[in-house]
Enquirer: 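Provided herewith is a single structure, encoded as structure tokens, for subsequent inquiry.
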Protein chains: 2
Amino acid sequence: MPGGRPRAFDPDAALDRALEVFWRQGYEGTSLADLTAAMGVNRPSLYAAFGNKEELFAKALDRYVGGPGAFAAEALTAPTVREVIERLVEGAVELTTGADTPHGCLNVNSVHACGPGSATAREAAIACRMAGETALRRRFEEAPDLPPGHDPGVLARLVHTVTDGIAVQAASGRTREELREVAALALRTLLPA
Amino acid sequence: MPGGRPRAFDPDAALDRALEVFWRQGYEGTSLADLTAAMGVNRPSLYAAFGNKEELFAKALDRYVGGPGAFAAEALTAPTVREVIERLVEGAVELTTGADTPHGCLNVNSVHACGPGSATAREAAIACRMAGETALRRRFEEAPDLPPGHDPGVLARLVHTVTDGIAVQAASGRTREELREVAALALRTLLPA
DNA sequence: CTAGTTGTGTATCGATCGGTATGAAACTAG
DNA sequence: CTAGTTTCATACCGATCGATACACAACTAG
């Protein structure tokens with residue numbers, strides 16, 4: 001059972017290009033023609049390597065979470081609750097206002113792909129978001145330094161809400177500096193003293 | 001110069017139906033077929049009455065701001081800064097988690113219509129958002145009770161960021177009760193004492 | 001070399017996209 | 001009644017959508 005003709009493209013590099021297009025144009029706003037052009041891959045090769053548009057998006061989303069969005073999981077390893085929140089909020093600003101990346105968050109973006117043919121992609125994004133928020137809640141539940149009177153679930157949800165808002169602001173044109181001010185104020189109010 | 005055949009539909013009611021579809025499915029996720037079906041209007045009649053898809057969306061967005069989203073402008077008339085923020089944040093929860101309306105915010109939704117053919121709709125939504133945030137900043141600038149040490153622009157941006165985040169959370173399935181808890185905590189931290 | 005396997009390139013599939021041409025229907029003015 | 005005006009309804013436009021059929025190219029095993 002021999003191997004046939006070798007691939008003319010690097011699947012990982014092609015997936016990175018696909019991620020960039022989805023990130024910039026959204027799931028619904030991205031066509032197969034956009035993808036093949038950006039990836040430098042012909043249509044049949046794309047389908048053979050990645051399945052269909054939905055599956056390619058799911059793979060790109062995985063790559064996003066493990067790459068540009070990895071700061072979110074890493075933030076949970078910070079020693080204090082304060083530092084966890086700091087790294088999440090400030091990381092959200094940096095992620096969504098990068099000079100060389102599209103503005104906004106692929107995940108937040110994809111939640112709003114709510115057309116009839118986008119249910120699968122949208123649900124993948126929502127599942128991914130839920131997992132992140134659950135992990136944050138768990139982190140707070142086991143934190144000895146959680147401010148008294150705070151419910152871990154509600155606090156996790158509020159932090160997530162703020163990072164979501166930052167992503168929306170970035171997608172609507174706010175600059176990195178403007179959002180750094182917002183993040184700083186949010187941290188001052190969330191974590192007084 | 002007489003009047004010809006009378007309209008077989010009510011333009012305002014039809015616009016409300018269009019608004020509901022755009023709200024639920026997003027600009028990119030809504031097709032002309034979806035619109036004509038929901039509005040009960042044939043395609044040529046739709047174009048004659050509302051222009052094209054972009055113009056129909058702009059009219060629906062206006063109706064949204066003046067209807068379901070009117071609480072935002074009305075909140076600015078509250079006597080105190082605290083009350084302004086309260087009404088904005090709590091109003092965002094109610095707006096985006098209505099039992100008889102789509103979950104999420106049409107305006108936040110439309111910011112993420114970033115495909116090649118959606119630039120006009122997206123820019124309309126962004127302009128609308130900017131106007132709202134500017135009005136909020138003005139309200140804070142002229143407030144005698146603004147907490148000292150707060151920049152009106154940054155505070156307005158943070159409040160807007162929180163309401164944006166609430167919209168994202170609602171769009172991704174959070175319930176009204178869950179978001180009411182988030183809103184309450186946000187208000188407690190934003191406005192201590 | 002030949003047989004078998006896999007990827008590439010072109011050309012195309014039916015469905016749907018946003019947008020219209022066309023003519024009949026329903027009204028008013030005279 | 002007729003003439004003029006506006007809307008309605010069908011049927012259709014070219015373009016694009018996501019997804020494939022098919023033949024050829026490039027490789028390995030024997």
Side-chain angles (χ1 to χ4, degrees), chain A residues 1-15 17-18 21-22 24-61 110 113-124, chain B residues 1-15 17-18 21-22 24-61 110 113-124:
Chain A
M1 49 283 281
R5 177 172 175 171
R7 277 218 177 88
F9 64 96
D10 174 21
D12 283 344
L15 185 53
R17 305 280 188 86
V21 178
F22 279 132
R24 170 162 288 120
Q25 304 195 348
Y27 179 78
E28 287 174 337
T30 300
S31 69
L32 264 295
D34 294 329
L35 291 167
T36 55
M39 299 166 77
V41 174
N42 290 321
R43 217 170 276 225
S45 301
L46 189 154
Y47 277 85
F50 301 103
N52 58 14
K53 190 188 175 187
E54 286 178 352
E55 295 178 39
L56 174 60
F57 174 79
K59 291 179 170 67
L61 188 60
S110 308
C114 38
S118 308
T120 303
R122 179 167 168 271
E123 284 157 17
Chain B
M1 51 285 281
R5 176 171 175 172
R7 277 217 178 89
F9 65 96
D10 174 21
D12 284 344
L15 185 54
R17 306 279 188 86
V21 178
F22 279 131
R24 170 162 287 119
Q25 305 195 348
Y27 179 78
E28 287 174 336
T30 299
S31 69
L32 264 296
D34 294 330
L35 291 167
T36 55
M39 299 165 77
V41 174
N42 291 321
R43 217 171 275 228
S45 301
L46 188 154
Y47 277 85
F50 301 102
N52 58 13
K53 190 187 174 187
E54 286 179 352
E55 295 178 41
L56 174 60
F57 174 79
K59 291 180 170 68
L61 187 60
S110 308
C114 38
S118 309
T120 303
R122 179 167 169 271
E123 284 157 16

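A, B, ... follow the sequence lines: proteins, then strands. Residue 1 opens every chain. Computation of the quantities below employed the complete heavy-atom set of this structure, encompassing side-chain atoms and omitting hydrogens, waters and symmetry-equivalent molecules.
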Enquirer: Using whole Å, report how far OH of A:Y47 lies from P of D:dA19.
Expert: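 Result: 4 Å.
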Enquirer: Who are the side-chain contact (heavy atoms from CB on, under 4.5 Å) partners of B:E123, not counting sequence neighbours?
Expert: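 side-chain contact (heavy atoms from CB on, under 4.5 Å) list for B:E123, sorted by chain: B:A119.
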Enquirer: Any residue in residues 28-36 of chain B with a heavy atom nearer than 4.0 angstrom to DNA chain C? Just list them by number, or reply none.
Expert: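 Per residue number, the list reads B:T30, B:S31, B:L32.
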Enquirer: Does a side-chain heavy-atom distance below 4.5 Å link B:F22 with B:L56?
Expert: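 Yes, close enough: below the 4.5 Å cut-off.
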Enquirer: Near DNA chain D, counting only heavy atoms under 4.0 Å, which residues of residues 115-123 of chain B show up?
Expert: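 Result for residues 115-123 of chain B: none.
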Enquirer: What's the spacing between B:K53 NZ and B:L46 CG if we round to 0.5 Å?
Expert: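 Output value for this atom pair is 11.5 Å.
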Enquirer: Which atom names give the shortest non-hydrogen contact between A:Y27 and A:G117, and what distance separates them?
Expert: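 Here A:Y27 and A:G117 meet closest at CE2-O, 4.3 Å.
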Enquirer: Measure the distance from CZ on A:R5 to C1' on C:dG7 and round it to the nearest whole Å.
Expert: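 About 6 Å, once rounded to whole Å.
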Enquirer: Kindly state each residue pair satisfying side-chain hydrogen bond (donor to acceptor under 3.5 Å, both in side chains) with at least one member in residues 3-14 of chain B, sequence neighbours excluded.
Expert: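 Output for this query is empty, none listed.
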Enquirer: For nucleotides 10-13 of chain C, list the nitrogen or oxygen atoms of the protein found under 3.5 Å from its nitrogen or oxygen atoms, one pair per line.
Expert:
none

Enquirer: Which atom pair, heavy atoms only, marks the closest approach of B:G29 to A:P116?
Expert: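 B:G29 and A:P116 have their closest heavy atoms at O-CD, 3.1 Å.
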Enquirer: Between atom CZ in B:R7 and atom C1' in C:dA25, what is the gap in whole Å?
Expert: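 Value for this atom pair: 16 Å.
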Enquirer: Counting side-chain heavy atoms from CB outward, which of D:dT7, D:dC27, C:dG7 is closest to A:P6?
Expert: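 Closest of the options to the side chain of A:P6: D:dC27.
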Enquirer: Considering residues at least two apart in sequence or located in another chain, which fulfil the side-chain hydrogen bond (donor to acceptor under 3.5 Å, both in side chains) criterion with A:E54?
Expert: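 Scan of A:E54 (side-chain hydrogen bond (donor to acceptor under 3.5 Å, both in side chains), adjacent residues dropped) gives A:T120.
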Enquirer: Going by the rule side-chain hydrogen bond (donor to acceptor under 3.5 Å, both in side chains), which residues pair with A:R122 if we only count those two or more places apart in sequence or in a different chain?
Expert: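 Partners of A:R122 by the side-chain hydrogen bond (donor to acceptor under 3.5 Å, both in side chains) criterion come out as none, since no residue qualifies.
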Enquirer: Write down the distance between CZ (A:F50) and C1' (D:dA19), rounded to a whole number of angstrom.
Expert: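 The distance from CZ of A:F50 to C1' of D:dA19 comes to 16 Å, rounded to the nearest Å.
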Enquirer: Applying a 4.0 Å non-hydrogen cut-off, can you work out what B:A8 is touching in the nucleic acid: base, sugar-phosphate, or nothing?
Expert: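 If one applies the 4.0 Å heavy-atom cut-off, B:A8 turns out to touch the sugar-phosphate alone, with no base involved.
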Enquirer: Quick one: list whatever passes side-chain contact (heavy atoms from CB on, under 4.5 Å) with B:A14, sequence neighbours left out.
Expert: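 So B:A14 forms a side-chain contact (heavy atoms from CB on, under 4.5 Å) with B:F9, B:M39, B:V41, B:F50.
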Enquirer: Can you tell me the distance, in whole Å, between the CZ atom of B:F9 and the P atom of D:dA9?
Expert: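 Interatomic distance, CZ of B:F9 to P of D:dA9: 10 Å.
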Enquirer: Measure the distance from CZ on B:F57 to P on C:dG18 and round it to the nearest whole Å.
Expert: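 From B:F57 CZ to C:dG18 P: 14 Å.
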Enquirer: Rounding to an integer number of Å, can you tell me how far B:L46 CG sits from D:dT6 P?
Expert: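 The answer, rounded to whole Å, is 19 Å.
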Enquirer: Side-chain contact test, heavy atoms from C-beta onward, threshold under 4.5 Å: evaluate it for A:T36 versus A:N42 and give yes or no.
Expert: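 The answer is no, as the side chains (C-beta and beyond) never meet within the 4.5 Å cut-off.
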Enquirer: Which pairs with one or both residues in residues 28-48 of chain B pass salt bridge (charged side-chain N to carboxylate O under 4.0 Å, His left out), sequence neighbours excluded?
Expert: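 Listed by first then second residue: nothing to list.
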Enquirer: Is A:S45 close enough to C:dG7 that one of its side-chain N or O atoms is under 4.0 Å from OP1 or OP2 there?
Expert: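 For C:dG7, OP1/OP2 do not have a side-chain N/O of A:S45 under 4.0 Å.
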